[in-house]
Amino acid sequence: MSQPGDPSGPVEEVIRLLESAAGPVNPMVLLVGPPLSGITRSMYEAVRSGLPHGRLYQLTVADLAARPDLEDLFSGIGPHVLWLDGLAPADLVLLGHGVLDQVLPHAMVLASVDAFWCDRVLRDGSAAIAPARTVLLEYADRIPVPFTLSPRERSRLREMGYPVSKGLAESLVGGENLIKHYRRGARSHPEGHRLVQAAIDARRCGIHRPFSEDELQRLWEARGGSPGAFQRALDWASAVPEGSTTGLLFRAHGGQSEDWRVLGYAAGADNGDHGHKARRLSDDAWKQARELFADAADQYALGIAAHLHGRDETARLALSRTVQVAPPQDPVAAAAAGALRSLEAEGSV
């Protein structure tokens with residue numbers, strides 16, 4: 001909702017950085033804010049206004065790292081703009097392990113990261129997270145996306161018939177209504193509440209990708225849920241409560257995917273965003289994530305997040321598992337091996 005021409009808005013700042021790009025290396029612009037602060041909308045507004053003829057690509061960092069043909073990907077008439085949405089801490093480490101150096105000669109990078117993770121990475125002083133800090137401090141122009149609505153945005157939302165709440169995207173989606181629905185579910189629908197909480201905890205453990213229905217059921221059963229009650233739990237978790245436009249769980253890729261995402265705003269509330277009381281991530285949550293998500297990329301994401309939460313034993317186990325199961329030429333394996341060596345060296349001091 002920030003308007004081009006507003007010198008204090010993130011959209012205008014992104015446009016300025018994109019338009020000023022020159023030379024053999026393109027810029028990386030990182031939008032930082034809490035979930036539902038309107039980051040994605042800011043990105044699309046900036047690209048439409050500042051680079052109307054730009055070619056926009058959206059990939060995950062893991063997919064990007066695995067591609068041997070980056071130069072071919074960004075062939076043809078540019079400018080090329082790569083959108084990396086919702087970077088996890090493990091993504092930042094992987095970008096700093098050489099992936100970003102391969103991309104920036106060919107494409108501008110626009111990315112977003114949750115302020116919670118950005119702060120944790122910047123506060124961490126370990127060598128294991130050093131590549132991520134390098135991305136944040138040396139590569140990226142960081143632009144904070146304010147959560148609080150400006151008076152102009154409040155007026156426009158009222159004119160459009162939306163309920164005005166704390167932030168722009170939060171107002172459009174009804175985030176606070178969803179948080180109330182989630183919290184009330186602990187008593188009114190404990191089965192659904194248990195499922196949502198399990199998915200939120202997996203995200204808080206660093207695994208930001210969508211989950212298949214089978215994975216959700218395994219998370220549910222690991223929390224003591226009955227297999228016969230899973231569908232009822234999923235129906236409640238994905239229902240759209242009054243005053244909202246989505247459920248706590250929703251189909252990925254705009255509803256076109258079979259996989260499910262959990263509302264990042266709810267994960268943020270459990271992290272303590274927007275005045276909500278932070279909920280502790282239990283030992284069981286970390287154990288379940290480590291046992292249920294055996295894929296190398298998931299173990300890597302879990303290991304980096306565990307370190308940032310001060311759980312270095314979990315981090316070492318997960319990173320060791322990554323090194324064991326990932327192909328040796330996989331960039332994820334190299335990043336995990338580097339982080340593991342750093343943790344082991346620091347642990348021996």
Side-chain angles (χ1 to χ4, degrees), residues 35 88 116 175 177-241 244 246-252 257-273 276-318 321-322 325:
F116 173 85
N177 288 329
L178 284 159
I179 297 304
K180 290 176 184 176
H181 180 61
Y182 166 48
R183 297 281 165 80
R184 290 169 181 165
R187 291 188 176 182
S188 65
H189 205 295
E191 294 169 337
H193 181 269
R194 183 186 293 121
L195 175 61
V196 172
Q197 192 171 87
I200 284 174
D201 284 353
R203 180 181 175 87
R204 294 174 71 199
C205 287
I207 302 173
H208 287 196
R209 63 169 178 81
F211 301 117
S212 71
E213 203 157 299
D214 285 345
E215 288 173 327
L216 287 177
Q217 184 158 357
R218 289 198 294 272
L219 277 170
W220 150 265
E221 292 177 7
R223 294 289 174 100
S226 164
F230 172 72
Q231 191 58 52
R232 288 197 304 272
L234 182 59
D235 289 345
W236 180 86
S238 58
V240 180
S244 302
T246 183
L248 290 159
L249 292 176
F250 53 92
R251 296 283 189 184
S257 173
E258 292 296 313
D259 294 336
W260 296 88
R261 281 199 175 278
V262 65
L263 186 71
Y265 191 81
D270 277 352
N271 280 333
D273 282 349
H276 292 282
K277 183 178 179 180
R279 178 173 61 84
R280 179 180 174 271
L281 264 171
S282 69
D283 294 341
D284 283 345
W286 289 101
K287 182 173 182 288
Q288 288 158 12
R290 188 168 60 82
E291 293 177 348
L292 294 176
F293 299 103
D295 177 80
D298 289 338
Q299 290 288 302
Y300 167 62
L302 174 69
I304 296 298
H307 167 69
L308 289 171
H309 276 275
R311 292 177 171 267
D312 279 355
E313 180 59 28
T314 298
R316 282 190 285 268
L317 289 170
R321 178 65 177 165
T322 305
V325 301

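Sequence positions, counted from 1, serve as the residue numbers for this chain.
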Begin with the C-alpha distance, continue with both residues' side-chain angles, and end with the deciding distance and a verdict on side-chain contact (heavy atoms from CB on, under 4.5 Å) for R251 and E258.
-> CA-CA 6 Å; R251 296 283 189 184; E258 292 296 313; 3.9 Å; yes
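- The two residues L302 and R290 make their nearest non-hydrogen contact at CD2-CA, 3.4 Å.
- Closest of all the heavy-atom pairs between D259 and S212 is OD1-CA, 3.4 Å.
- Across all their heavy atoms, V262 and A199 have their closest contact at CG1-O, 3.9 Å.
- With R203 contributing its side chain and R209 its backbone, the two residues share no donor-acceptor pair below 3.5 Å.
- For the pair D201 and R280, the salt-bridge criterion is not met [side-chain N within less than 4.0 Å of a carboxylate O].
- Dense packing is recorded around CD of E291, with more than 12 heavy atoms of other residues, nucleotides or ligands lying under 6.0 Å away.
- One N or O on the side chain of W220 and one on the backbone of S226 form a donor-acceptor pair closer than 3.5 Å.
- Atoms CG and CG, from D235 and L195 in turn, are 10.5 Å apart once rounded to the nearest 0.5 Å.
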Given Y265 and I179, is the side-chain contact (heavy atoms from CB on, under 4.5 Å) satisfied, shown in steps?
-> CA-CA 8 Å; Y265 191 81; I179 297 304; 3.7 Å; yes
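- Nearest heavy-atom pair across A315 and G303 is CB-O, 3.2 Å.
- Using a cutoff of 4.0 Å between basic side-chain nitrogens and carboxylate oxygens, D284 and R223 are not scored as salt-bridged.
- When side chains are defined from C-beta on, V240 does not count as touching F250, because their heavy atoms never get closer than 4.5 Å.
- When side chains are defined from C-beta on, F230 does not count as touching R218, because their heavy atoms never get closer than 4.5 Å.
- Under the 30°/60° scheme for interplanar angles, the aromatic rings of H193 and Y182 are found to lie parallel.
- The backbone N or O of R184 lies less than 3.5 Å from a partner atom in the side chain of S188, making a donor-acceptor pair.
- Nearest heavy-atom pair across A237 and G192 is CB-O, 4.5 Å.
- Salt bridge absent: E221 and R194 never bring a charged side-chain N and a carboxylate O closer than 4.0 Å.
- Although no hydrogens or angles enter the test, the distance criterion places no donor-acceptor pair under 3.5 Å between the side chain of R279 and the main chain of A269.
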Go through D270 and H276 one step at a time and tell me if the side-chain contact (heavy atoms from CB on, under 4.5 Å) criterion holds.
-> CA-CA 7 Å; D270 277 352; H276 292 282; over 6 Å; no
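- F211 and F293 have tilted rings, their planes meeting at an angle from 30° to 60° on a 0 to 90° scale.
- Residues L281 and W286 form a side-chain contact, since some pair of their non-hydrogen atoms from C-beta on lies under 4.5 Å apart.
- Using modelled atom types, one finds no donor on one side chain facing an acceptor on the other under 3.5 Å when comparing D295 with Q299.
- Side-chain contact check for E191 versus Q231: every heavy-atom pair is 4.5 Å or farther apart.
- Residues S238 and L248 form no side-chain contact, since every pair of their non-hydrogen atoms from C-beta on lies 4.5 Å or further apart.
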Start with the C-alpha gap between L249 and L263, add the side-chain angles, then the distance that decides, and say whether side-chain contact (heavy atoms from CB on, under 4.5 Å) holds.
-> CA-CA 6 Å; L249 292 176; L263 186 71; over 6 Å; no
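- Checking side-chain atoms of Q288 against main-chain N and O of L219 turns up no donor-acceptor pair under 3.5 Å.
- Between C205 and A285 the shortest heavy-atom distance is SG-O, 4.2 Å.
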Worked check of salt bridge (charged side-chain N to carboxylate O under 4.0 Å, His left out) between D298 and R321 = CA-CA 10 Å; D298 289 338; R321 178 65 177 165; over 6 Å; no
